Amino acid sequence: MITGMDRLVAAINGGTSDRIPVFCNLIDQGAKELGMPLQEYYSDGEHVAEAQLKMREKYGYDNLWSLFYVGREAELLGCEKIIFAEDGPPNVGHMVIKDYDDIHRLEVPEDISSHPAFQEPLKCLNILKREAGGKYPICAYVTASMTLPALLMGMDKWMELFLLGPASVRDELLAKCSEFFKKEITAYRNAGADVFVYANAFGSTDFVPMRLFKELSLPQMEKDLSVGTDGVVYYCGGARMNAVLQQVIDKLGLGAYYLSPLDDIAEGKRIIGERGLTCGVINDIKLIDWTPEEIRSEVKRMLEAGMPGGKFLFGTLVMPYGIPEGNIRAMLEAAYEYGRYEGHVNG
Amino acid sequence: MLERLITAYNEAVFDADRDTALKIIHDALNSGISPEDIVFKIVVPELEAMMKAVSETHNVSLAQHFLAAQIAAEVTDEMTAKFRKLPESAGRVVIGTSWGDFHGLGKKIVAGCLNALMIDVFDLGLNVPAERFVDEAVAHDAQVIAISSMMVHTARGENGCIKVRSLLKERGLEERMKIVVGGAPYRYARELYKTVGADAWADDGITAGRVIADLIKGVRR
């Protein structure tokens with residue numbers, strides 16, 4: 001039987017499997033799957049692992065997630081309050097950094113793996129590894145040092161410090177966040193994750209002008225990724241990346257690039273070429289309202305733009321909680337159908 | 001001379017260089033240009049230029065929006081204190097993030113921009129209940145309620161814009177007040193503002209200034 005890992009490895013190597021790899025980021029939907037409120041769901045790594053395995057089995061896509069919610073990273077750095085919703089991802093309810101003194105005081109945990117806030121994700125990872133390791137790629141979400149401060153102090157305060165504040169304070173915070181990033185990705189790697197989604201909104205010129213991208217974002221990413229780039233996927237949190245792809249490839253040489261739904265897939269593919277895996281991403285916010293026919297037609301359009309030449313993956317973005325199950329199926333069935341490689345012999 | 005100043009100021013703001021932008025403004029003031037001309041002939045046209053660049057190229061970053069609004073608000077505050085007579089208010093807006101949403105950056109950009117356009121802004125903060133949006137709008141006799149949402153469930157949820165619309169209807173306020181929305185979900189689904197019952201939406205914080213100014217003109221009473 002062909003597994004998700006087979007499909008991913010074939011795509012990375014420029015070969016073909018039965019079809020392209022299809023990554024579907026169902027996160028909060030796990031709570032619905034187990035019939036429990038989100039807060040209860042995220043309190044136990046067993047819940048998350050169980051739902052991840054069930055949903056992958058039910059829909060047939062190729063990846064598994066160890067992500068609970070993004071605010072979990074803030075908890076690893078001292079956040080004491082997460083505000084849960086009934087129908088969407090939780091918010092960070094306590095800002096670890098309220099003033100510059102908090103930046104001086106911020107301590108990066110010595111060992112992430114033994115941190116209390118990492119124990120449930122670790123439990124989840126252990127189960128996923130035991131049940132599906134080597135068969136389905138297990139994804140971890142790691143926020144880049146340049147974007148992480150937004151979770152610790154709020155995007156508005158971070159933008160203010162980043163653009164207008166004292167450079168020494170900004171750089172001190174970036175250094176601490178980079179130290180945290182390296183430890184966090186190492187902890188996930190040691191726990192058995194295969195794919196590391198390197199989330200960096202500040203790695204897009206939708207967030208920072210090109211001058212600052214070159215002067216600050218790119219060097220900072222080099223620092224983060226000095227720890228190793230195996231399995232790292234470039235992702236700008238949904239912001240566009242085509243304008244910076246060439247530079248990111250030249251400097252960082254990562255293996256995969258997870259485009260924005262707002263990027264032109266054919267253009268992204270042309271820039272990346274043979275140098276990495278192009279991940280075309282559907283605008284999944286529209287899946288709430290689109291008809292199954294509209295979904296099929298959009299998936300077809302995307303795959304026609306991205307599949308020629310191979311090295312292509314179909315992916316989703318945030319997959320809002322409100323997407324009807326029928327529309328999730330319509331999207332995936334279209335991706336399986338239009339993403340098939342003709343002439344492939346199973347086995 | 002004014003033209004040269006406008007060009008230099010625009011370049012500094014587009015380059016996200018606050019220090020140079022402020023130096024240009026202070027040099028202009030020292031050279032005898034009036035505070036009124038600084039606001040209405042340099043700062044506001046720069047915001048207009050940024051709106052034009054956004055609509056034409058879509059290549060203006062969030063950092064540039066943020067900085068343009070911050071600088072505009074800062075300069076406007078400083079200059080209006082020096083105006084020969086107090087500027088006439090161009091309207092009143094209450095602004096906040098929708099219930100369940102704790103993302104304040106977009107709101108801050110919009111408020112800075114509105115400040116430069118002489119529109120009074122009443123900032124209700126984060127995680128604002130629908131009832132409070134309406135109560136505060138009535139209390140301040142606002143023409144526009146501006147609701148920012150960064151998450152899909154807070155944009156579409158029953159306690160956000162949808163409820164504000166229903167309260168306006170219930171209290172017979174729809175002719176007197178308009179609703180504008182903004183934030184990431186609306187950029188990815190450009191018709192979503194209609195689904196949630198808003199009158200208009202803006203693609204970014206700077207453009208929101210113009211959208212809100214237009215809405216105010218439509219309901220001036």
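Everything quoted here is computed from the prediction, not taken from an experiment.
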Using non-hydrogen atoms only, which part of [X] is less than 4.5 Å away from chain B: side chain, backbone, both, or neither?
X      : answer
A/F207 : both
A/P209 : both
A/A201 : neither
A/D284 : neither

If you count heavy-atom pairs under 4.5 Å between each of [options] and chain A, which one has the most?
options                : answer
B/E191, B/H103, B/R156 : B/R156
B/M151, B/K108, B/Q70  : B/M151
B/L67, B/D17, B/D15    : B/D15

Heavy atoms of A/P149 and A/L173 approach each other most closely as CB-CD2, 3.7 Å

Pairs under 3.5 angstrom only: tabulate donor-acceptor contacts from the side chains of residues 85-97 of chain A to other protein residues two or more places apart or in another chain.
residue, atom, partner, partner atom, Å
A/N91, ND2, B/G100, O, 2.7
A/H94, ND1, A/E80, N, 2.8

So does [X] pair up with [Y], basic N to acidic O under 4.0 Å?
X      : Y      : value
A/E75  : A/R72  : yes
B/R187 : B/D204 : no
A/R240 : A/D264 : no
B/K23  : B/D27  : yes

Heavy-atom pairs under 4.5 Å with chain B are the metric here; pick the option from A/M155, A/K286, A/M159 that has the most. A/M159

For chain B, the option from A/T205, A/I83, A/I288 that forms the most heavy-atom pairs under 4.5 Å: A/I288

Only pairs at least two apart or in different chains count here, so list each salt bridge (Lys or Arg N to Asp or Glu O under 4.0 Å) that has a residue in residues 71-81 of chain B. B/R18-B/E74

Under 4.5 Å from any heavy atom of chain A, what part of B/F102 do you find: side chain, backbone, both or neither? both

